[in-house]
Amino acid sequence: MLKLTCLCGQVRIQLTKRPDFINECNCTLCSKSGARWSYFHPSEVSVNGATGEYSREDKDDPAAQIHFCDRCGSTTHFTLTESAISKFGNVQTGVNMLLADESDLTGIELRYPDGRAWSGGANFGYVQEARVIGESAPWP
């Protein structure tokens, strides 16, 4: 089990497993929310503590609802919106892996998708080559 907390400790997240990979996307949502995302089935994520929520207003039908600690402001996770769940099912929760201790992430691949240039299709381009946490430069 992997345990994460926001800055003040009010929001606590428990994961049943380590992530397969982590994305540091450069789109405005990811970069401005200060998040590096890993993706899990909702049954693999337990969130305790009060959060605020935000869905993009620049999209007609946003798929993600961002959650943040309503005390310290740390971005904690995202859930799918009702619209996305009706289309795809409740199949994904994103967790901000910047809340984890780096030592818990050693050996996990960190990817850099080019979300700003993403057309909305199935595949991302990447802005730089992936690296494995703990095997190259330290976690910034």
Side-chain angles (χ1 to χ4, degrees):
M1 182 168 297
L2 193 57
K3 296 180 181 183
L4 300 84
T5 64
C6 65
L7 180 61
C8 71
Q10 175 176 279
V11 179
R12 296 162 313 286
I13 299 173
Q14 291 187 11
L15 305 172
T16 61
K17 65 177 190 168
R18 286 168 32 107
D20 297 327
F21 62 91
I22 299 169
N23 272 343
E24 183 177 315
C25 179
N26 67 352
C27 79
T28 55
L29 176 68
C30 294
S31 61
K32 290 187 180 203
S33 65
R36 285 183 174 168
W37 300 113
S38 281
Y39 313 100
F40 301 89
H41 188 273
S43 65
E44 299 170 324
V45 179
S46 171
V47 178
N48 292 295
T51 62
E53 302 168 347
Y54 173 77
S55 289
R56 294 180 77 144
E57 296 174 358
D58 62 334
K59 302 286 183 188
D60 291 334
D61 190 17
Q65 185 167 36
I66 305 298
H67 295 257
F68 54 91
C69 175
D70 65 7
R71 184 171 170 205
C72 69
S74 298
T75 299
T76 56
H77 65 292
F78 74 75
T79 56
L80 298 180
T81 61
E82 287 184 30
S83 175
I85 291 171
S86 70
K87 291 177 191 172
F88 311 112
N90 192 15
V91 296
Q92 181 172 278
T93 296
V95 176
N96 183 0
M97 299 310 293
L98 285 173
L99 302 179
D101 290 333
E102 178 182 352
S103 62
D104 291 335
L105 304 177
T106 299
I108 297 173
E109 186 175 70
L110 178 58
R111 300 175 181 175
Y112 301 91
D114 189 1
R116 288 185 190 214
W118 184 48
S119 66
N123 296 320
F124 280 103
Y126 291 88
V127 295
Q128 72 183 56
E129 192 171 318
R131 68 175 182 88
V132 175
I133 296 170
E135 293 182 6
S136 58
W139 181 258

Peer 1: Are the side chains of V11 and R71 in touch, meaning some heavy atoms are under 4.5 Å apart?
Peer 2: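 A side-chain contact is absent here, since even the closest heavy-atom pair is not under 4.5 Å.
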Peer 1: Do L99 and H77 have side-chain heavy atoms sitting under 4.5 Å apart?
Peer 2: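 Not in contact.
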Peer 1: Will you find, in the side chains of T79 and H67, an N or O donor that is under 3.5 Å from an N or O acceptor?
Peer 2: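 Distance-only check passes for T79 and H67.
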Peer 1: If we only count heavy atoms from C-beta on, is the C30 to W37 side-chain gap below 4.5 Å?
Peer 2: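 Result yes, sub-4.5 Å side-chain heavy-atom pair found.
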Peer 1: Within a strict 4.5 Å, meaning less than it, do heavy atoms of the I66 and K32 side chains meet?
Peer 2: no
Peer 1: Any chance you could lay out the side chain to side chain contact (heavy atoms under 4.5 Å, CB included) test for L15 and V45, step after step, and finish with the verdict?
Peer 2: CA-CA 5 Å; L15 305 172; V45 179; 3.7 Å; yes
Peer 1: Hydrophobic clusters here meaning ILVMFWY residues chained together by side-chain heavy-atom distances under 4.5 Å, can you tell me if V91 and I85 are in one?
Peer 2: yes
Peer 1: Do the side chains of Y39 and V95 join up, straight or via other hydrophobic residues, at under 4.5 Å, putting them in one cluster?
Peer 2: no
Peer 1: If you round to the nearest 0.5 Å, how far is NZ of K17 from NE2 of H41?
Peer 2: 10.5 Å
Peer 1: To the closest 0.5 Å, what do you measure between CZ (R111) and CD (E24)?
Peer 2: 14.0 Å
Peer 1: Give a yes or no answer on whether the side chain of R12 reaches the backbone of G49 with a donor-acceptor pair at less than 3.5 Å.
Peer 2: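 No: the side chain of R12 does not pair with the backbone of G49.
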Peer 1: With no hydrogens and no angle check, is any side-chain donor or acceptor of T75 less than 3.5 Å from a backbone partner on F68?
Peer 2: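 Checking the backbone N and O of F68 against the side chain of T75, no donor-acceptor pair under 3.5 Å is found.
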Peer 1: Return the OG to CD distance between S83 and Q65, rounded to the nearest 0.5 Å.
Peer 2: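 The CD atom of Q65 is 12.0 Å from OG of S83, to the nearest 0.5 Å.
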Peer 1: Are N26 and S31 packed together at the side-chain level, in the sense that at least one heavy-atom pair is separated by less than 4.5 angstrom?
Peer 2: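 Side chain of N26 against side chain of S31, heavy atoms only: no contact under 4.5 Å found.
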Peer 1: Please confirm whether the backbone N or O of G134 pairs with a side-chain atom of T106, one donor and one acceptor, at under 3.5 Å?
Peer 2: no
Peer 1: If you define the side chain from C-beta out and look only at heavy atoms, does anything of N96 sit under 4.5 Å from T76?
Peer 2: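 No, side chains not in contact.
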Peer 1: Could you measure the distance from the CG atom of L98 to the CG atom of L7? Nearest 0.5 Å is fine.
Peer 2: 12.5 Å
Peer 1: Could you pull out the closest heavy-atom pair between P19 and L2, with the gap in Å?
Peer 2: CD-CD2, 4.1 Å
Peer 1: Are D70 and Q10 close enough that a side-chain donor and a side-chain acceptor fall under 3.5 Å?
Peer 2: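 Their side chains do contain a donor-acceptor pair, which is all the 3.5 Å distance test asks for.
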Peer 1: Check for me, please, whether M97 and V47 land in the same ILVMFWY cluster - side-chain distances under 4.5 Å, paths through other members count.
Peer 2: yes
Peer 1: To the closest 0.5 Å, what do you measure between CD (E102) and CD1 (I108)?
Peer 2: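 Spacing of CD (E102) from CD1 (I108) equals 11.0 Å.
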